[in-house]
Amino acid sequence: MAQKPSIAKGTRDFGPEEVNKRNYIISTIKSHFETFGFMPIETPSFENSETLMGKYGDEGDRLIFKILNSGDYLSKVDDALYTKKDASALTSRISEKALRYDLTVPFARYVVMHQNEIDLPFKRYQVQPVWRADRPQKGRFREFYQCDADVVGSTSLWQEVEFIQLYDTVFSSLGVEGVTIKLNNRKILSGIAEVIGAKDKLIDFTVALDKLDKIGEDGVKKEMLEKGITEMAIEKVQPLFSFTGSNGSKLESLKTMLSTSDEGLKGVEELSFILTAIDALGLKTSNLELDVTLARGLNYYTGAIIEVAAPERVKIGSIGGGGRYDDLTGIFGLKNVSGVGISFGLDRIYLVLDELGLFPPSVTTTTEVLFLNFGQNEALYGLKAVKALRESGIKAELYPDDTKMKKQMNYANKRGIPFVVLAGESEMDKNTFTLKNMNSGTQDEVDITALIESLRA
RNA sequence: GUGGUUGUAGCUCAGCUGGUUAGAGCGCUGGAUUGUGGUUCCAGAGGUCGCCGGUUCGAACCCGGUCUUCCACCCCA
């Protein structure tokens, strides 16, 4: 009984064209990672559960795909636990492995486990799939690729400067001009919370502030009030709601607002350093913008927070993000190692390139010439030429079956193969080939040298 | 995890207040056309109406559950 084929929720198949396009993006990103001095590593697709659990908050734990133990996993569960139906307690007994949730935590584990083999500061890049048991949505899947570059073992702000340059280089190279690299700093957000006397509500405060462009000033204020932030406190940060002007003037106004917070001022100083450096170095096509509402991934970022927005005409939002996290490896017992890194959102970059028509035509590679098959002797004659063409770097193939010519021509046509070679008895007698241009319909009878020459052009 | 939405041929979709053999376009296969594809013409194949149950004389259509799709929230790339 045949079953209806299906694929798991939130996963996708990729056809030849999609794979070629995705590979184009990935290889562009990788080549720039390398010119910036990053080195590749790979980690397993699944880790021991304890490596991942508890690193992404309660919400994160829920979204981690757990792998059921092999064998009779229920035999290890005592009746009391089983009857209690406590999912989280039961999970730890029947599942000891879990699928990779991101590339950062496995990287931290890698650094700690291999600390004697690597030289700090260590710059690594990693392009691998990750899995999340999330509910799928537009541009969000349960299996997707992350393209990460991180540096560990240096607190220097020059790293942040380098990462901004890297973003600019990659997007310019892909032809995506006019992206906006948004920059913020956790210390500034902390400072603001401190100044308004809501230090304990930092997360609530920033999560609400982050939604400013989405739900507007009134919506943000409403959410803040709901979370128990006082009206007086909100009053104090009123300037944040209409924060415009140059990066310089924004910094000035932050400096005033945060004058009583040492941490906040430190954040201003760090931002100022980065902005000055980028100003001096220049960017190819990107814009750099100080954005105090930027607060993603706040759970672990401790300094810089970076996010890249697609050009305005493409309504797709964020296409990359990153930041600084002090003590990245502390959870695995290696103290005082700071990390900073960025990530490229492959799927969304794909959508941007597709929408703007930025994939080079050469990305979709097809066979350049198809030899029609007229029988055993003709096939062998053709295959000798195919071999010669391949040695000249031309993508060539022979139609495998001796079927009707109409069928073979049709196949070439549908695959978009630009040239077809007809070589039957009469050509074999003369040691020639009939080369047909499928676009114009014209054809010429040529010898092997001329065949290679005309296909090479 | 919460709320909503979608599912009919390989694909995109019609299908009336519940009524007999569920349709179209595209695609596919064969032929017109035995060494010439795209265009045209002719013929043909292809459907447990997502799945399970219920209501009814009768269900693609109504009801419940479930899976899936897409959207919003939460969160996030």
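With rounding to whole Å, A/Glu226 atom CD is found 15 Å from B/rC73 atom P. Rounding to whole angstrom units, CG of residue A/Leu103 and P of B/rC76 are separated by 17 Å. Straight-line distance from the CG atom of A/Leu63 to the C1' atom of B/rA77: 12 Å, rounded to whole Å. Rounded to an integer number of Å, the gap from A/Asp102 CG to B/rC75 C1' is 14 Å. One interatomic measurement links the two molecules: CG of A/Asp210 to P of B/rA77, which rounds to 11 Å at whole-angstrom precision. If you take CG of A/Asp61 and P of B/rC76, they are 13 Å apart, rounded to a whole angstrom. Note: CD (A/Glu59) to C1' (B/rC73) measures 11 Å, nearest angstrom. One can place NZ of A/Lys407 at 6 Å from P of B/rU29, the figure rounded to the nearest angstrom.
Distance alone, capped at 3.5 Å, is enough to place a donor-acceptor pair between the A/Ser49 side chain and the A/Lys97 backbone.
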Once each nucleotide of nucleotides 66-71 of chain B is scored for protein heavy atoms under 4.0 Å, what B/S/- sequence comes out, 5' to 3'? --SS-S
Base contacts versus sugar-phosphate-only contacts with protein, heavy atoms under 4.0 Å: please encode nucleotides 31-38 of chain B as B, S and - from 5' to 3'. SB--BBBB
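Contacts of A/Glu17 classified as salt bridge (Lys or Arg N to Asp or Glu O under 4.0 Å), with partners at least two apart in sequence or in another chain: A/Lys21. For A/Glu59, the salt bridge (Lys or Arg N to Asp or Glu O under 4.0 Å) partners two or more places apart in sequence, or in a different chain, are A/Arg62. Listed by chain and residue number, nothing satisfies the salt bridge (Lys or Arg N to Asp or Glu O under 4.0 Å) test with A/Arg100 (two or more places apart in sequence, or in another chain). Listed by chain and residue number, A/Tyr411 satisfy the ring pair (Phe, Tyr, Trp, His ring centres under 6.0 Å) test with A/Tyr399 (two or more places apart in sequence, or in another chain). With sequence neighbours left out, A/Phe332 forms a ring pair (Phe, Tyr, Trp, His ring centres under 6.0 Å) with no residue at all. Under the ring pair (Phe, Tyr, Trp, His ring centres under 6.0 Å) criterion, A/Phe33 pairs with A/Tyr125, A/Phe344, sequence neighbours left out. Residues satisfying the salt bridge (Lys or Arg N to Asp or Glu O under 4.0 Å) criterion with A/Glu427, sequence neighbours excluded, are absent altogether.
Taking the P atom of each, B/rU29 and B/rC49 are spaced 27 Å apart, rounded to whole Å. Taking atom P on both B/rC71 and B/rU66, the two are 23 Å apart, rounded to the nearest angstrom. Separation of the C1' atoms belonging to B/rA72 and B/rG18 is 34 Å when rounded to the nearest angstrom. Nucleotides B/rG47 and B/rC11, compared at atom P, are 13 Å apart to the nearest Å. Rounded to whole Å, the P atom of B/rA59 lies 15 Å from the corresponding atom of B/rG50. Rounded to a whole angstrom, the distance from the P atom of B/rG35 to that of B/rU48 is 39 Å. B/rC62 and B/rA14 have their P atoms separated by 15 Å, with the value rounded to a whole Å. On the C1' atoms, B/rU34 is 49 Å away from B/rU69, given to the nearest whole Å.
For A/Lys214, the side-chain atoms get nearest to B/rC73 when compared with the rest of B/rC74, B/rG30, B/rC73.
Phosphate contact (OP1/OP2 of B/rC74, side-chain N/O of A/Lys211, threshold under 4.0 Å): present.
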Dot-bracket for RNA chain B, please. Rules: Watson-Crick or G-U, both distances under 3.5 Å, ( ) within the strand, [ ] when a pair crosses earlier ones, | for another strand, . otherwise. ((((..(..((((.....[...)))).(((((.......))))).....(((((..]....))))))..))))....
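The nearest pair of heavy atoms linking A/Gln408 to A/Leu372 is OE1-CA, 3.3 Å.
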Only distances under 3.5 Å count here; give the side-chain donor-acceptor pairs of residues 36-43 of chain A to other protein atoms, sequence neighbours excluded, each with its distance to 0.1 Å.
from: A/Thr43; atom 1: OG1; to: A/Gln126; atom 2: NE2; distance (Å): 3.0

For residues 145-154 of chain A, which side-chain donor-acceptor pairs fall under 3.5 Å, sequence neighbours excluded?
from: A/Gln146; atom 1: OE1; to: A/Leu103; atom 2: N; distance (Å): 3.3
from: A/Asp148; atom 1: OD1; to: A/Ser343; atom 2: OG; distance (Å): 2.7
from: A/Asp150; atom 1: OD1; to: A/Arg124; atom 2: NH1; distance (Å): 2.7
from: A/Asp150; atom 1: OD2; to: A/Tyr325; atom 2: OH; distance (Å): 2.2
from: A/Ser154; atom 1: OG; to: A/Ser156; atom 2: N; distance (Å): 3.1

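Each of A/Ile67, A/Leu68, A/Asn69, A/Asn48 was checked for a side-chain contact (heavy atoms from CB on, under 4.5 Å) with A/Glu96, and the lone residue meeting it is A/Asn69.
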Passes side chain to side chain donor-acceptor pair (under 3.5 Å), A/Arg324 versus A/Ser338? Steps please. CA-CA 8 Å; A/Arg324 165 78 70 175; A/Ser338 181; 2.9 Å; yes
